[in-house]
Participant: 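Handing you a structure now.
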There are 2 protein chains.
Amino acid sequence: MTKPPLTVRELIRDHYPTLTQSERKFANSLLENYPAAGLASITIVAANAEVSTPTIARMVQKLGFKGYPQFHQALLKELEAKVSGPTQRRENWASEAPEGHMLNRFSQAVTDNLSQTFSNVDSGQFDAAVRQLAKTEGRLYVVGGRITRALADYAFTHFQAIRQRVTHMTSSSATWPHYVLDMEEGDTLLLFDVRRYETNLQRLAELAAERGVKVVLITDQWASPIAAVAAHTFNCWVEIPSAWDSNISTMMLLEAMIAATQEESWDKTKDRYDRLDELFDTTRLFRKFS
Amino acid sequence: MTKPPLTVRELIRDHYPTLTQSERKFANSLLENYPAAGLASITIVAANAEVSTPTIARMVQKLGFKGYPQFHQALLKELEAKVSGPTQRRENWASEAPEGHMLNRFSQAVTDNLSQTFSNVDSGQFDAAVRQLAKTEGRLYVVGGRITRALADYAFTHFQAIRQRVTHMTSSSATWPHYVLDMEEGDTLLLFDVRRYETNLQRLAELAAERGVKVVLITDQWASPIAAVAAHTFNCWVEIPSAWDSNISTMMLLEAMIAATQEESWDKTKDRYDRLDELFDTTRLFRKFS
DNA sequence: TATCGCGTGAAAAGATTTTTCCAAAATGGG
DNA sequence: CCCATTTTGGAAAAATCTTTTCACGCGATA
């Protein structure tokens, strides 16, 4: 059986009667500011408690540690455990699929990716990028690479509904110079580049930036070199158990941006949506929504 | 005014573009297990990240610390602050964004959607659909609607890398009859249809089913009418705080299917991947992966 | 007051950690 | 394909931290 790991606090309480005066001085100092007062080096900790280093060295051995480093580690472990909390990880959304099933492995990877991506988004950057994307004075260009072309397409479809002056630059880079010709200050370039980073995209971004176009870059956790010229860069975690990279977090960030952009200019957007709906109704392309 | 102390996480994000390969290795290792992976001595931390101690020493200086001990202290301070901090409730993966911020509302909605979607997937159905998608004897047709066209495109790009005989049916429905003409028993039709359901897609699905084509349908939680003729139907939860529907869970299911299909026929697929890589190398379209 | 036992901390010794230096390896450009 | 440049990690040096040693001080006791 494994011995239940006592906290340092408990250890001190248990040993308190056998502690000497100076040792209690340190014990009190630690309990008063627990566990911070025990996290520095033995020298500093001793100075703070106004006792000598040997006193502390002797005491931690009394508490049952081999030496100060072990004591230090124990405090750290406690702190860590406290932060990671009551196992908030591992969402409870496994399906009925067996343990090692792709569905479950996948869900785990996706959770991790989304979590990483979220905690690395700077909300200030996000807001700034959204304001830029909502600027209808300038034109909004959207472009992606070999894989992210689909994301660019998705972005285009939605932004087109939200605002005017949106252009999807096709992935055939031969046509890009034509677009660059018309780019001017105040325009925005929403660009997707995940590994393997494409040299063509980099050239495009550089040319656009030179012209005063604000580049909003959505890339992976390793950051495309385009970040150097981008006004706003967002990193998405993309690793999954597979030979290729996942774009779910990328997609999520994109959708969040679309949603925020839409909110930013809702009064203008609402009107567009209504008119779009009318058009759909008249062309009867869709079944009535039920 | 006092300068707001950046967290180590933020420092890493800000400096990420200037980090070298090994430095990123450590950065990732730290972010993946934050901040625990940075709390030990430089020697141990380096070993865990599988880089050398000098690499880490150099990196923490890049981040702006005088040396490793300072970096270590900074992490400790953060951890402490987190523990003592007021009401440490918060969502599991909220960013530093304020409570009602779009990012946080969005993350909540996405988690819910993914959770719902996952727990409603039947792993048997999933496996069956994957087997169908991996059948290279027949042709695989991929098609989506107005919005889901992007997903179909994404699916096409990946399936094309995995197997031969894949066709992306463009969203211009005028060309569909030509494709239908060639459809035959044993073929597969991967079809995306989320509300508002498109009548054209329904016609297409019916025609294909009549010809003995197996239809794999990815739809929303309310289920497109196409489900009636589909061999395998998957429902994805799509509601977000917005005027339109999210396709993140849709995308996730799609990616899971791609991953599973790839795994199903890895021996064949691996070869294709290798050859594809070679082709990319010779055309020099991409930067070396770094 | 002399003596003993214990607690204490200065300082030395020892152990470990951190930093620096440099040669080898990897990378990117021509 | 080769060369210049950058990146990397082994190993030694430097710094720091931890432990041990030991002498001093203090109070209790006879």
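We use all heavy atoms of the structure for the numbers below, so side chains are in, but hydrogens, waters and symmetry mates are not. Numbers restart at 1 for each chain; the letters A, B, ... are given by sequence-line order, proteins then strands.
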Participant: Under the salt bridge (Lys or Arg N to Asp or Glu O under 4.0 Å) rule, collect the residues that match up with A:Arg211, sequence neighbours excluded.
Facilitator: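 A:Arg211: no salt bridge (Lys or Arg N to Asp or Glu O under 4.0 Å) contacts found.
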Participant: Between P on D:dT18 and CE on A:Met59, what's the gap in Å once rounded to a whole number?
Facilitator: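 Taking atom P of D:dT18 as the reference, CE of A:Met59 is at 15 Å.
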Participant: What residues in residues 68-76 of chain A put a non-hydrogen atom under 4.0 Å from any atom of DNA chain C?
Facilitator: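 None - not one residue of the stretch has a heavy atom sitting under 4.0 Å from the strand.
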Participant: Any side-chain donor-acceptor pair under 3.5 Å between B:Arg163 and B:Ser265?
Facilitator: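 No donor-acceptor contact under 3.5 Å links the two side chains.
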Participant: Do NZ/NE/NH1/NH2 and the carboxylate oxygens of A:Lys214 and A:Asp187 come within less than 4.0 Å?
Facilitator: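 Between A:Asp187 and A:Lys214 there is no salt bridge, as every charged N stays at least 4.0 Å from the carboxylate O atoms.
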Participant: For a quick check, with a 4.0 angstrom heavy-atom cut-off, what is the B/S/- contact string for nucleotides 4-9 of chain C, read 5' to 3'?
Facilitator: ---SBB
Participant: Treat a base pair as Watson-Crick or G-U wobble with both distances under 3.5 Å, then lay out DNA chain D in dot-bracket form, 5' to 3', with | for cross-strand pairs.
Facilitator: ||||||||||||||||||||||||||||||
Participant: Strictly by modelled atom types, are A:Asp182 and A:Tyr141 linked by a side-chain donor-acceptor pair under 3.5 Å?
Facilitator: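 Side-chain D/A pair, A:Asp182 to A:Tyr141: absent.
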Participant: Mind calculating the distance between CD1 (B:Ile42) and C1' (C:dT17) to the nearest angstrom?
Facilitator: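 It works out to 8 Å between those atoms.
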Participant: Rounded to the Å, how far apart are A:Tyr197 OH and C:dG28 C1'?
Facilitator: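 Between C1' of C:dG28 and OH of A:Tyr197: 17 Å.
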Participant: How far does CG of B:Leu31 sit from CZ of B:Arg24, to the nearest 0.5 angstrom?
Facilitator: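 Here the interatomic distance stands at 12.0 Å.
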Participant: So how far is it from A:Ile12 CD1 to A:Leu19 CG, rounded to the nearest 0.5 Å?
Facilitator: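 Those atoms lie 8.0 Å apart.
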Participant: Between B:Ile56 (CD1) and D:dT7 (C1'), how many Å, whole number?
Facilitator: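 Whole-Å distance recorded here is 15 Å.
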Participant: Does one side chain, of A:Arg139 or A:Thr188, offer a donor that lies under 3.5 Å from an acceptor on the other?
Facilitator: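 Side chains of A:Arg139 and A:Thr188: no pair found under 3.5 Å.
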Participant: Nearest heavy atom decides the nucleotide; on that basis, is A:Gln61 or A:Ile44 closer to the 5' end of DNA chain D?
Facilitator: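 Per heavy-atom nearest nucleotide, the more 5' residue is A:Ile44.
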Participant: With the criterion being N/O to N/O and under 3.5 Å, what pairs connect the protein with nucleotides 13-16 of chain C, and how long is each?
Facilitator:
none

Participant: A:Asn120 versus A:Asn235: any side-chain heavy-atom pair under 4.5 Å?
Facilitator: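 No - every pair of side-chain heavy atoms lies 4.5 Å or more apart.
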Participant: Test A:Glu78 against A:Val8 for side chain to side chain contact (heavy atoms under 4.5 Å, CB included), laying out the working first.
Facilitator: CA-CA 9 Å; A:Glu78 275 178 39; A:Val8 172; 3.5 Å; yes
Participant: Test side chain to side chain contact (heavy atoms under 4.5 Å, CB included) on A:Leu201 and A:Phe192 and set out the steps.
Facilitator: CA-CA 9 Å; A:Leu201 278 175; A:Phe192 298 84; over 6 Å; no
Participant: Check whether any side-chain heavy atom of B:Thr53 sits under 4.5 Å from a side-chain heavy atom of B:Tyr68, and report yes or no.
Facilitator: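 A side-chain contact under 4.5 Å is absent here.
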Participant: When you compare the side chains of A:Glu255 and A:Tyr154, does any donor N or O come within less than 3.5 Å of an acceptor on the partner?
Facilitator: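 Yes.
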Participant: Using a 3.5 Å cut-off and no angle test, enumerate the donor-acceptor pairs between side-chain atoms of residues 55-66 of chain A and protein atoms at least two apart in sequence or in another chain.
Facilitator:
| unit_1 | atom_1 | unit_2 | atom_2 | d |
| --- | --- | --- | --- | --- |
| A:Thr55 | OG1 | A:Ser52 | OG | 3.0 |
| A:Gln61 | NE2 | A:Lys66 | O | 3.4 |
| A:Lys62 | NZ | A:Thr18 | O | 3.0 |
| A:Lys62 | NZ | A:Glu23 | OE1 | 2.7 |

